[in-house]
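In what follows, a structure is listed as structure tokens, so that the remarks can point back to it.
As the structure lists them, so they are numbered: ligands from 1, and atoms in each ligand from 1.
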Amino acid sequence: MTFKDLKLIQPLLTALDKIGYTEPTPIQKQSIPPLLEGRDIFGCAQTGTGKTAAFALPILQLLDSKKGQQPGRRTIKTLVLAPTRELALQIAENFKEYSLHLDISFTTIFGGVSQVNQVKDLQRGVDILIATPGRLLDLMQQGYIKLNDIKIFVLDEADRMLDMGFIHDIKKVIAKLPAQRQTMFFSATAAPDIMKLANTLLKDPVRVAVTPVSTTAELVGQKVYYVSKNNKKHLLKQVLETEKIDHVLVFTRTKHGADKVAKDLSKAGIKAEAIHGNKSQGARERALKGFKDRTIHVLVATDIASRGIDVDKLSHVINFEIPEVAETYVHRIGRTGRAGSTGIAISFCMEEELPYWKGILKLTQQDIEVVKDHAYAENISADRPMASAPKNGEAKKSQGKSNNGWRGGRKSFHKPKSFQSKA
Ligand code: AMP
């Protein structure tokens with residue numbers, strides 16, 4: 001697929017050609033067409049996936065198509081919020097490259113520097129404003145910025161925004177945005193607090209999730225074990241033993257669950273530690289160091305705590321509990337098979353988790369091997385009708401029927417419009 005196939009206009013194609021992009025990345029392929037149609041988007045993607053172009057290109061095209069409709073001084077029609085000055089500048093750099101052959105203006109505002117030049121730029125009139133939350137609010141309060149004409153709102157790296165404590169600032173900005181607008185929401189994770197914010201902002205969004213580029217599809221094997229809740233701890237010990245796994249990140253949904261798994265393993269003589277938000281910084285650092293040094297073999301983590309873990313060549317991840325939000329699964333398994341090494345993602349699914357598991361199968365459209373031959377096998381399956389159907393409706397097809405698997409050496413998923421998160 002080429003950028004032309006995505007129906008981008010010639011001035012953008014010429015600019016992309018000059019920069020040397022030959023093929024759209026998975027997130028670009030999946031995001032650009034619905035964004036050009038005016039849809040909202042929830043994009044679960046990190047930096048490095050090409051997400052900036054995924055939103056910047058459609059924004060430029062949409063603004064270009066409406067050019068001339070507003071006589072007089074330019075007013076801000078697109079607001080891009082970024083957590084840091086560095087990211088804001090990077091986004092602006094992308095807009096600059098892509099808009100080379102278009103008559104669209106933009107400016108960047110961020111704190112820590114004098115506002116004089118930023119105000120001058122704003123007074124000249126811009127189509128696109130790229131801003132960090134603090135300075136944006138400051139200049140709004142001083143009356144230099146009005147958001148009445150905003151047609152497109154982008155929230156980039158929403159997870160970092162929340163980590164950095166910007167939630168109140170973001171809410172103040174959102175309150176000033178017109179209700180009638182297109183919203184593009186990007187986050188590296190789909191943790192519950194992120195989903196909550198996304199749900200307040202987005203209307204019937206297209207959902208797109210891609211894993212970091214460093215992980216290639218062919219390098220991650222995925223398996224699921226169906227097992228009862230009580231047998232999960234036994235199965236974990238057995239899998240660690242039989243698969244000879246001595247360096248693994250185990251995911252749980254809760255802090256309490258993480259502690260319990262680590263305790264059970266320790267009791268069985270397996271060197272394990274849990275990391276989560278209730279642990280002190282010191283305890284977390286010690287656990288991480290131990291895991292890196294391989295004196296700790298199993299690190300048990302909640303999704304939020306796992307964000308800071310950057311361990312090369314992680315051979316295995318185990319989903320001791322299935323995440324409620326399907327994109328979290330994609331993010332978890334993105335931690336394995338790093339740097340060209342083989343990775344295996346193993347999931348333990350109990351009956352109560354089947355709705356979540358089905359959501360994952362639907363999102364990933366992947367062949368995931370079902371391991372049937374194990375001591376704690378439960379007679380359940382993602383194909384079997386369940387007593388209570390999940391709210392989002394069921395994926396009719398399950399494993400093994402995919403024609404939309406890993407593509408282009410990167411993992412890319414597209415969740416159909418009908419999918420609603422349960423977070
Ligand atoms: P991002 O994830 O937006 O930070 O992009 C990561 C890097 O990939 C940036 O340096 C982009 O310029 C580059 N990039 C984005 N899209 C493409 C593409 N289709 N082909 C090649 N490079 C790209």
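Ion pairing of Glu157 with Lys51 is present here, as a side-chain N (NZ or NE/NH1/NH2) and a carboxylate O approach within less than 4.0 Å. Ionic pairing of Arg160 and Asp163 is not present here: no N-O contact between side-chain nitrogen and carboxylate oxygen is shorter than 4.0 angstrom. With respect to Asp259 and Lys263, no salt bridge is recorded, no charged nitrogen being found less than 4.0 Å from a carboxylate O. Between Asp127 and Lys77 a salt bridge is recorded (basic side-chain N to carboxylate O distance below 4.0 Å). Note on Glu353 versus Lys229: no salt bridge recorded, every NZ/NE/NH1/NH2 to OD/OE distance being 4.0 Å or above.
Counting protein heavy atoms only, atom 16 (N) of ligand 1 is closest to Gln28 NE2, 2.7 Å. With hydrogens left out, the protein atom closest to atom 4 (O) of ligand 1 is Thr47 CG2, 3.4 Å, a heavy atom. Looking from atom 13 (C) of ligand 1 to the surrounding protein, the closest heavy atom is Tyr21 OH, 3.7 Å. Here the protein heavy atom with the shortest distance to atom 6 (C) of ligand 1 is Gly48 CA, 3.7 Å.
Counting atoms of ligand 1 from 1 in the listed order, those under 4.0 Å from a heavy atom of Thr52 are 1 (P), 3 (O), 4 (O). Near Glu23, with a cut-off below 4.0 Å to any heavy atom, the atoms of ligand 1 are 18 (C), 19 (N), 20 (N). Of all the atoms in ligand 1, the ones that sit under 4.0 Å from a non-hydrogen atom of Lys51 are 1 (P), 2 (O), 3 (O).
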Handout entry: Working for salt bridge (charged side-chain N to carboxylate O under 4.0 Å, His left out), residues Asp121 and Arg124
Key = CA-CA 5 Å; Asp121 281 346; Arg124 250 178 253 134; 3.0 Å; yes
Practice task
Check the pair Ile19 / Tyr98 against side-chain contact (heavy atoms from CB on, under 4.5 Å), numbers first and verdict last.
Solution key: CA-CA 9 Å; Ile19 309 165; Tyr98 309 146; 3.6 Å; yes
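Within the 4.0 Å heavy-atom criterion, neither part of Phe55 lies near ligand 1.
Less than 4.0 angstrom separates atom 20 (N) of ligand 1 from at least one non-hydrogen atom of the protein. There is no protein heavy atom closer than 4.0 angstrom to atom 9 (C) of ligand 1.
Some N or O of Gly50 is nearer than 3.5 Å to an N or O of ligand 1, by distance alone.
At a cut-off of 3.5 Å, with distance as the only test, no side-chain donor of Tyr21 or Glu97 sits close to an acceptor on the other residue.
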